[in-house]
Amino acid sequence: MIHRLLSILFLTSVTMISGSLSLCAQSPYFSIFDSFERPPKPGEGTVIIHQSESLKQLVGTCIDSENIDVVNGKTYLVTRGFRVQVYSGNNQRTSKEEALNKQVRIKELYPDVEAYVTYKAPFWILHVGDFRSFEEASYLHRSLREAFPQIKNEIKIVEDDIRLPLN
C-alpha cells in the first residue's frame with residue numbers, strides 16, 4: 001500500500017515538474033504549484049494541491065533568466081551537460097575553415113544532431129550534440145570515432161553548457 005502511494009506521489013511530482021518546464025518560458029516568475037492551480041479553461045478541471053509551505057519552498061520557483069534561450073521561435077533550457085568534441089585547433093589560417101568543414105560532414109551523417117563551432121581564444125572548437133549524461137554522449141562518441149577513424153584520438157566527451165528543447 002505504501003509502495004503504491006509513493007509511486008503515485010512520484011509520478012504526480014514528475015508530471016507537475018515536466019509540465020511546468022514548458023511554462024517557464026511563457027511567464028517571467030511563478031510557482032510550479034501556482035501554475036497547476038490556475039483557473040481552468042473551458043472543458044478542463046481544477047487541480048488543488050494541499051501540502052505544507054515548506055514543501056513549496058523546497059521545490060522552488062521558475063525565474064525567467066539566462067538559463068532560458070529562444071532561438072528561431074524555439075525555446076531551450078540551457079544547463080550543464082555533455083557534448084562530443086570533434087575538433088580543436090589554434091592555427092590562425094586554417095582552424096576555422098577546418099572546423100566548419102567537419103561540421104558540414106557531421107551534419108551530412110547526423111542531420112538531427114546539432115553541431116556547434118565556437119571560438120575560445122586561441123582555439124576553434126567543434127562540439128556535437130546536447131546530452132544530459134555522459135552515457136548518452138558515449139553512443140555518439142563511439143559512432144563518430146568509427147565514422148572518422150583518421151581523427152578518432154582527437155574525439156572526446158566534454159562537459160559544456162547544452163540546450164534542451166522545451167517546446
Side-chain angles (χ1 to χ4, degrees), residues 3 6-7 9-32 35 55 57-167:
H3 185 279
L6 288 175
S7 296
L9 181 60
F10 175 75
L11 289 173
T12 303
S13 300
V14 168
T15 303
M16 288 173 46
I17 291 170
S18 64
S20 66
L21 282 177
S22 63
L23 297 172
C24 283
Q26 298 171 5
S27 175
Y29 180 83
F30 67 93
S31 163
I32 291 171
S35 70
L55 179 61
Q57 291 173 354
L58 287 174
V59 173
T61 57
C62 178
I63 301 173
D64 189 19
S65 64
E66 68 275 355
N67 64 342
I68 301 294
D69 192 16
V70 179
V71 178
N72 296 330
K74 289 191 82 171
T75 306
Y76 297 93
L77 172 66
V78 179
T79 187
R80 294 302 288 173
F82 297 89
R83 289 185 171 155
V84 179
Q85 181 173 303
V86 176
Y87 177 78
S88 177
N90 65 351
N91 185 322
Q92 292 180 359
R93 297 176 191 196
T94 62
S95 291
K96 179 179 180 180
E97 185 178 326
E98 194 169 340
L100 292 172
N101 288 339
K102 287 182 181 180
Q103 179 186 33
V104 169
R105 289 174 48 203
I106 287 171
K107 289 301 285 179
E108 289 171 357
L109 290 173
Y110 307 94
D112 295 334
V113 179
E114 291 296 325
Y116 306 93
V117 173
T118 56
Y119 180 73
K120 294 180 184 172
F123 295 96
W124 284 96
I125 301 169
L126 172 59
H127 286 171
V128 181
D130 292 296
F131 303 101
R132 289 179 234 177
S133 70
F134 188 89
E135 291 77 19
E136 290 176 0
S138 294
Y139 176 77
L140 181 63
H141 176 255
R142 284 190 302 274
S143 181
L144 286 168
R145 286 174 57 103
E146 290 173 11
F148 300 98
Q150 66 278 15
I151 61 167
K152 72 178 186 178
N153 293 333
E154 295 178 43
I155 300 173
K156 61 184 177 180
I157 299 173
V158 295
E159 191 172 355
D160 198 2
D161 287 335
I162 62 169
R163 296 184 324 170
L164 302 173
L166 292 177
N167 56 357

(request) Would you indicate whether the side-chain heavy atoms of Ile157 and Gln85 approach each other to under 4.5 Å? (result) no

(message) Between Glu136 (side chain only) and Phe131 (backbone N and O only), is there a donor and an acceptor less than 3.5 Å apart?
(response) no

(message) So which atom in Ser88 and which in Ile125 form the shortest heavy-atom distance, rounded to 0.1 Å?
(response) OG-CG1, 4.0 Å

(request) Would you check, one step at a time, whether the test side chain to side chain donor-acceptor pair (under 3.5 Å) holds for Asn101 with Tyr87? (result) CA-CA 11 Å; Asn101 288 339; Tyr87 177 78; over 6 Å; no

(request) Answer yes or no: are there more than 12 heavy-atom neighbours, outside Glu114 itself, under 6.0 Å from its atom CD? (result) yes

(request) Kindly say whether Gly81 contributes a backbone atom to a donor-acceptor pair with the side chain of Arg132 at under 3.5 angstrom? (result) no

(request) Any chance you could measure Lys102, atom NZ, to Trp124, atom CH2, to the nearest 0.5 Å? (result) 15.0 Å

(request) Measure the spacing between CG of Asn91 and CZ of Phe123 and express it to the nearest 0.5 Å. (result) 11.5 Å

(request) Flag yes if more than 12 heavy atoms outside Lys107 fall under 6.0 Å of its NZ atom; otherwise flag no. (result) yes

(request) Check whether any side-chain heavy atom of Ile162 lies under 4.5 Å from a side-chain heavy atom of Val78, and answer yes or no. (result) no

(message) Once you measure the plane-to-plane angle for Phe82 and Phe134, does it fall in the parallel (<30°), tilted (30-60°) or perpendicular (>60°) bin?
(response) perpendicular

(request) Quick one: pull up CG in Asp69 and CG in Asp161 and give me the separation to the nearest 0.5 Å. (result) 10.5 Å

(request) Identify the two heavy atoms, one from Gly89 and one from Ser95, that lie closest to each other, and give their separation to 0.1 Å. (result) C-OG, 3.1 Å

(message) Which heavy atom of Asp160 sits nearest to which heavy atom of Arg80, and what is that distance?
(response) C-NH1, 3.4 Å

(message) Rounded at 0.5 Å granularity, tell me how far CG in Leu126 sits from CD1 in Ile106.
(response) 4.5 Å

(request) Supply the atom-to-atom distance Glu108 CD to Arg105 CZ, rounded to the nearest 0.5 angstrom. (result) 8.5 Å

List the atom pairs, with distances to 0.1 Å, where a side-chain N or O of residues 139-156 and a protein N or O form a donor-acceptor pair under 3.5 Å, not counting sequence neighbours.
from	atom 1	to	atom 2	distance (Å)
His141	NE2	Ile155	O	3.1
Ser143	OG	Tyr110	OH	2.4
Arg145	NH1	Lys152	O	2.8

